Amino acid sequence: MNITDECIACGSCVDSCPVGAIIESGEKYAINDDCTECQACVDTCPVSAIVE
Ligand code: SF4
Ligand code: SF4
């Protein structure tokens with residue numbers, strides 16, 4: 001999964017990830033290689049910035 005530039009850095013998605021793969025990255029958030037593609041985070045984003 002990836003986080004697009006639409007991210008408003010609200011942080012809502014962070015706690016939804018069971019493996020802690022969502023991290024702060026500069027002024028936005030990013031998904032690291034620990035991601036298992038479970039998609040649990042997708043619906044937590046208010047601006048639909050989390051995409052495959
Ligand atoms: S898809 Fe699952 S493992 Fe990957 S960042 Fe989202 S919640 Fe975490
Ligand atoms: S929920 Fe969406 S807007 Fe908020 S930090 Fe995560 S990716 Fe960015």
Side-chain angles (χ1 to χ4, degrees):
M1 306 298 291
N2 280 298
I3 293 176
T4 71
D5 286 346
E6 299 299 309
C7 175
I8 56 173
C10 69
S12 296
C13 55
V14 175
D15 288 342
S16 71
C17 182
V19 296
I22 304 176
I23 56 170
E24 281 191 84
S25 177
E27 295 178 351
K28 300 184 186 293
Y29 282 70
I31 295 175
N32 69 23
D33 288 343
D34 291 336
C35 175
T36 61
E37 311 283 337
C38 73
Q39 308 213 3
C41 56
V42 174
D43 289 341
T44 66
C45 183
V47 295
S48 300
I50 305 176
V51 298
E52 284 198 84

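Computed from a predicted structure; not experimentally measured. In listed order, ligands and their atoms are each counted from 1.
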> Any chance you could measure Ile31, atom CD1, to Asp33, atom CG, to the nearest 0.5 Å?
11.0 Å
> Take Ile22 and Ile3, measure what side-chain contact (heavy atoms from CB on, under 4.5 Å) needs, and give me the verdict at the end.
CA-CA 9 Å; Ile22 304 176; Ile3 293 176; 4.1 Å; yes
> Please list the nearest protein heavy atom to atom 8 (Fe) of ligand 2 with its residue and the distance rounded to 0.1 Å.
Cys7 SG, 2.4 Å
> Atom CD1 of Ile50 and atom OG of Ser16: how far apart are they, to the nearest 0.5 Å?
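If we round to the nearest 0.5 Å, Ile50:CD1 and Ser16:OG are 6.0 Å apart.
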> Please list, in number order, the atoms of ligand 2 under 4.0 Å from a heavy atom of Tyr29.
5 (S)
> Heavy atoms only: give me the nearest Glu27-Ala9 pair and the separation to one decimal.
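Here Glu27 and Ala9 meet closest at O-CB, 3.4 Å.
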> Provide, to 0.1 Å, the distance between atom 2 (Fe) of ligand 2 and the closest protein heavy atom, together with that atom's residue and name.
Cys45 SG, 2.3 Å
> Look up atom CD in Glu37 and atom CD in Glu52, then write down how far apart they are to the nearest 0.5 Å.
6.5 Å
> At a 4.0 Å threshold, what atoms of ligand 1 neighbour a non-hydrogen atom of Val19?
3 (S)
> Show me which atoms of ligand 2 lie under 4.0 Å from any heavy atom of Val47.
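Near Val47, meaning under 4.0 Å from one of its heavy atoms, ligand 2 has 3 (S).
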> Say whether Gly20 and ligand 1 are in contact under the criterion: heavy-atom distance to a ligand atom below 4.0 Å.
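Heavy atoms of Gly20 never come under 4.0 Å of ligand 1.
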> What protein N/O/S atoms lie closer than 2.8 Å to atom 6 (Fe) of ligand 1?
Cys41 SG
> Which ligand 2 atoms does Ile3 reach within 4.0 Å, using its non-hydrogen atoms?
7 (S)
> Short check: any N/O/S atom of Cys10 below 2.8 Å from atom 4 (Fe) of ligand 2?
yes
> Supply the atom-to-atom distance Ile8 CD1 to Cys45 SG, rounded to the nearest 0.5 angstrom.
7.0 Å
> What's the spacing between Ser48 OG and Asp43 CG if we round to 0.5 Å?
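Going from the OG atom of Ser48 to the CG atom of Asp43 covers 8.0 Å.
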> Give the residue and atom name of whichever protein heavy atom lies nearest to atom 5 (S) of ligand 2, and the separation in Å to one decimal.
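For atom 5 (S) of ligand 2, the nearest protein heavy atom comes out as Gly11 N, 3.1 Å.
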> Looking only at protein heavy atoms, which one is nearest to atom 3 (S) of ligand 2, and how far off is it?
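Protein heavy atom at minimum distance: Ile8 N, 3.3 Å.
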> Does some non-hydrogen atom of Ser48 fall short of 4.0 Å from ligand 2?
no
> Using a 4.0 Å cutoff against the non-hydrogen atoms of Pro46, which atoms of ligand 2 qualify?
1 (S)
> Looking only at heavy atoms, which two atoms of Cys7 and Lys28 are closest? And how far apart?
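So the two residues come closest at O-NZ, 3.1 Å.
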> What atoms of ligand 1 come within less than 4.0 Å of a heavy atom belonging to Pro18?
7 (S)
